[in-house]
Amino acid sequence: MFLPCNGPIDLGHTLGSGQTFRWRREDDAHVGILGENIFRVWESDGGVEFESSPAPPEKTAERLRSYLRLEDDIDSFYQAVADDPRLSVATGAYRGLRLARQDPWECLVTFVISSYSNIKRITKHVAEISEAFGDQVKSHDGVYTFPGPARLAEVPEREFRRMGLGYRARFLTRVAEQVLQLPHGLMPYRQASYIDAKQALLSFFGVGDKVADCVLAFSLDQSRAFPIDVWVRRAVQEWYFAGDPVSDRDIRQWAFEHFGEYASYAQQYLFHRRRVDG
DNA sequence: AACCAGGTCCGAT
DNA sequence: ATCGGACATGGT
């Protein structure tokens with residue numbers, strides 16, 4: 001089934017730029033799990049083509065469309081930063097890199113795990129958690145859904161430690177318990193203000209500024225979130241502040257003034273650029 | 001063999 | 001408010 005896209009889309013950059021960790025290349029397509037269904041997606045003229053199972057494409061199209069943010073007018077972002085020479089290099093190189101709209105819970109767990117780790121290891125841990133605690137997707141051996149907060153809340157911390165999660169094990173157990181206390185889960189924060197949503201996330205044990213901003217940018221539609229990790233810190237410091245040391249607080253302030261509602265997109269391009277090309 | 005990785009928490013200034 | 005050290009583990 002075909003889905004049109006507003007502007008360019010590059011699945012390799014979108015799904016392989018360190019925002020999502022459960023997609024894999026398979027021939028010329030990308031295969032991943034959204035909710036209870038497995039998707040196979042590839043680029044097609046003016047959009048993407050996809051298959052899904054066990055639910056058929058007619059039933060899952062909206063989920064994929066939303067996930068890939070096909071409605072985003074990405075060209076207006078490119079225009080907005082056209083006068084920024086550093087960012088223009090990245091938008092030129094990674095044209096079609098989109099932010100994904102992930103499930104907030106899965107995104108939260110993923111980035112709690114990400115703390116002081118690396119992409120390869122994060123990918124491994126997310127896969128292990130799905131296999132160990134998720135449900136098998138119907139008629140797809142070895143393919144698992146992502147376990148919900150109720151399931152992870154009942155996993156003893158020592159099991160997470162056995163998986164090699166280290167000190168993050170405690171974070172995971174606590175975060176699951178805390179999310180379980182929310183009457184309507186994390187979804188309502190899509191409608192909340194950036195400030196309110198961030199404050200809520202920061203109240204979770206194991207969630208600081210960086211992880212909170214990742215969840216806000218990659219799952220909660222908070223376009224002014226600007227996650228600052230080691231790579232982005234270096235990029236901003238060297239490319240925009242002449243190498244002078246800058247506090248995270250100042251970077252956040254600067255990012256909002258400089259990029260406004262495009263901050264989340266700008267961050268992902270800067271991150272990818274810095275991580276891939278140094 | 002030190003050093004680093006999409007950080008956060010906590011106690012001491 | 002801000003700063004340093006501790007925290008687990010695996011890869012260069």
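Letters A, B, ... are given to chains in the order of the sequence lines, protein chains preceding strands, and every chain is numbered from 1.
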Would you indicate what [X] reaches in the nucleic acid, counting non-hydrogen atoms under 4.0 angstrom: base, sugar-phosphate, or nothing?
{"X": "A:Val207", "value": "sugar-phosphate"}
{"X": "A:Gly18", "value": "base"}
{"X": "A:Phe160", "value": "nothing"}
{"X": "A:Thr110", "value": "nothing"}

Under 4.0 Å between a side-chain N or O of A:Arg161 and OP1 or OP2 of C:dA8?
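It does, given that an N or O in the side chain of A:Arg161 lies less than 4.0 Å from OP1 or OP2 of C:dA8.
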Any A:Arg234 side-chain N or O less than 4.0 Å from OP1/OP2 of B:dA5:
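It does, given that an N or O in the side chain of A:Arg234 lies less than 4.0 Å from OP1 or OP2 of B:dA5.
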Does any N or O donor sit under 3.5 Å from an N or O acceptor when you compare the side chain of A:Arg121 with the base of C:dT9?
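In this structure, the two groups form a donor-acceptor pair.
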With a 3.5 Å cut-off and just heavy-atom distances, do the side chain of A:Tyr116 and the base of C:dG10 make a donor-acceptor pair?
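Absent.
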Could you check how far [atom1] of [X] sits from [atom2] of [N], rounded to whole Å?
{"X": "A:Asp250", "N": "C:dA1", "atom1": "CG", "atom2": "C1'", "value": "13 Å"}
{"X": "A:Arg158", "N": "C:dT9", "atom1": "CZ", "atom2": "P", "value": "16 Å"}
{"X": "A:Tyr167", "N": "C:dC7", "atom1": "OH", "atom2": "P", "value": "12 Å"}
{"X": "A:Asn118", "N": "C:dT12", "atom1": "CG", "atom2": "P", "value": "9 Å"}
{"X": "A:Leu202", "N": "B:dT8", "atom1": "CG", "atom2": "P", "value": "9 Å"}
{"X": "A:Arg168", "N": "C:dC7", "atom1": "CZ", "atom2": "C1'", "value": "9 Å"}

Proximity of A:Phe2 and A:Trp42 rings by center, below 6.0 Å:
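Ring-ring flag for A:Phe2/A:Trp42: false, centres at least 6.0 Å apart.
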Tell me whether the centres of the aromatic rings in A:His30 and A:Phe39 are closer together than 6.0 Å.
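No; A:Phe39 has its ring centre 6.0 Å or more from that of A:His30.
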Decide whether a cation-pi geometry holds between A:Arg151 and A:Phe133; the criteria are a distance under 6.0 Å from NZ or CZ to the six-membered ring centre and an angle within 45° of the ring axis.
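Judged by the rule (NZ or CZ under 6.0 Å from the ring centre, within 45° of its axis), A:Arg151 is not positioned above A:Phe133.
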Going by heavy atoms in the side chains, are A:Gln268 and A:Ser17 under 4.5 Å from each other?
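Heavy-atom side-chain distance check passes, below 4.5 Å.
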Is the A:Trp254 ring parallel, tilted or perpendicular to the A:Phe226 ring (thresholds 30°, 60°)?
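Ring orientation, 0 to 90° scale: perpendicular.
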What's the closest nucleotide to the A:Phe205 side chain, out of B:dT8, B:dC10, B:dA5?
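Ranking B:dT8, B:dC10, B:dA5 by closest atom to the A:Phe205 side chain puts B:dC10 first.
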